[in-house]
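Predicted, not measured: the structure shown is a model, and the values here were computed from it. Note that these values count all heavy atoms, side chains included, but never hydrogens, waters or copies made by symmetry.
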Amino acid sequence: MTLPLETVSPQGPPAYFDTTVASGQAVQADHRPQLDEIALLRLVDRFYERVRADPLLAPVFGAAVSDWDDHLARLTDFWSSVMLTSGRYKGNPVALHLLHAGAMTPERFERWLALWTLTSGEMLPADTATIIQGKAARIAESLQLAIEFRPSPAA
């Protein structure tokens with residue numbers, strides 16, 4: 001099942017775009033913030049707002065996450081470590097995802113990536129969004145492989 005992604009508002013581009021006319025041509029300036037801790041916090045918050053509202057992902061995350069404030073803080077630490085090399089994240093994402101392996105289908109990974117791509121594309125400059133989207137795709141692939149090839153429970 002493929003669910004539609006949100007589309008750009010008919011009112012035009014988001015507020016962080018500024019359309020001006022230079023030399024007779026319309027030029028769109030991108031005022032989205034560069035990647036820093038604040039931008040990551042906002043990205044993670046907005047992304048998980050969408051996840052929590054998504055009919056495919058919300059039930060899985062609702063069952064797995066009991067403390068959203070803690071989850072958002074950990075995921076912000078995770079992305080800070082991945083993108084800013086802060087070293088703040090100290091967890092084991094594979095082990096945590098293996099706890100929910102039965103609910104983690106390829107379709108759900110695709111949807112997660114689609115929402116991540118949408119959100120990061122809206123909130124980050126294009127070059128930064130491309131980098132973080134590529135890292136997310138590689139992480140999702142690693143998690144899927146870990147789930148697919150996990151050892152069978154002992155009989």
Next on the checklist: Around atom CD of Glu141, are there more than 12 heavy atoms from other residues, nucleotides or ligands closer than 6.0 Å?
Outcome noted: no
Item to check | Heavy-atom pair of closest approach, residues Arg108 and Leu57 | outcome: O-CD2, 3.6 Å
Checklist entry - Do NZ/NE/NH1/NH2 and the carboxylate oxygens of Glu37 and Arg42 come within less than 4.0 Å? => result no
Checklist entry - With a 4.5 Å limit on heavy-atom distance, are the side chains of Trp116 and Val51 in contact? => result no
Item to check | Within-4.5 Å side-chain heavy-atom neighbours: Leu72 and Phe47 | outcome: no
Item to check | same_hphob_cluster(Leu41, Met123) at 4.5 Å side-chain heavy-atom cutoff | outcome: no
Checklist entry - Are any of the side-chain nitrogens in Asp70 or Arg74 under 4.0 Å away from the carboxylate oxygens of its partner? => result yes
Checklist entry - Taking atom types as modelled and ignoring hydrogens, do the side chains of Arg88 and Ser80 form a donor-acceptor contact shorter than 3.5 angstrom? => result yes
Item to check | Minimum-distance pair of heavy atoms, taken over all atoms of Pro93 and Gly91 | outcome: CD-O, 3.7 Å
Checklist entry - Is the shortest heavy-atom distance from the side chain of Leu118 to the side chain of Arg50 under 4.5 Å? => result yes
Checklist entry - Quick one: do Leu113 and Leu43 end up in the same hydrophobic cluster if we chain Ile, Leu, Val, Met, Phe, Trp and Tyr together by side-chain heavy atoms under 4.5 Å apart? => result yes
Throw together a table of side-chain donor-acceptor distances under 3.5 angstrom for residues 58-65, partners on residues two or more places apart or in other chains.
none

Item to check | CG on Leu35 to OG1 on Thr128, rounded to 0.5 Å | outcome: 6.0 Å
Under 3.5 Å, side-chain donor or acceptor atoms of residues 129-138 against the rest of the protein: list the pairs with distances, not counting sequence neighbours.
{"unit_1": "Thr130", "atom_1": "OG1", "unit_2": "Ala126", "atom_2": "O", "d": "2.9"}
{"unit_1": "Gln133", "atom_1": "NE2", "unit_2": "Thr117", "atom_2": "O", "d": "3.3"}
{"unit_1": "Gln133", "atom_1": "NE2", "unit_2": "Ser120", "atom_2": "OG", "d": "3.0"}
{"unit_1": "Arg138", "atom_1": "NH1", "unit_2": "Gly134", "atom_2": "O", "d": "3.3"}

Checklist entry - How long is the gap from CG on Leu40 to CZ on Phe78, to the nearest 0.5 Å? => result 11.5 Å
Next on the checklist: Looking at every heavy atom in both Leu124 and Ala39, which two are closest together, and how far apart are they?
Outcome noted: CD2-CB, 4.4 Å
Item to check | Euclidean distance, Ile139 CD1 relative to Trp112 CH2, rounded to 0.5 Å | outcome: 6.5 Å
Item to check | Results of side chain to side chain donor-acceptor pair (under 3.5 Å) for Ser142 - residues two or more places apart only | outcome: none
Checklist entry - Looking at CG of Leu75 and OH of Tyr48, how far apart are the two atoms once the value is rounded to the nearest 0.5 Å? => result 4.0 Å
Checklist outcome for this item: dist Lys90:NZ -> Ser81:OG (nearest 0.5 Å) comes out at 6.5 Å
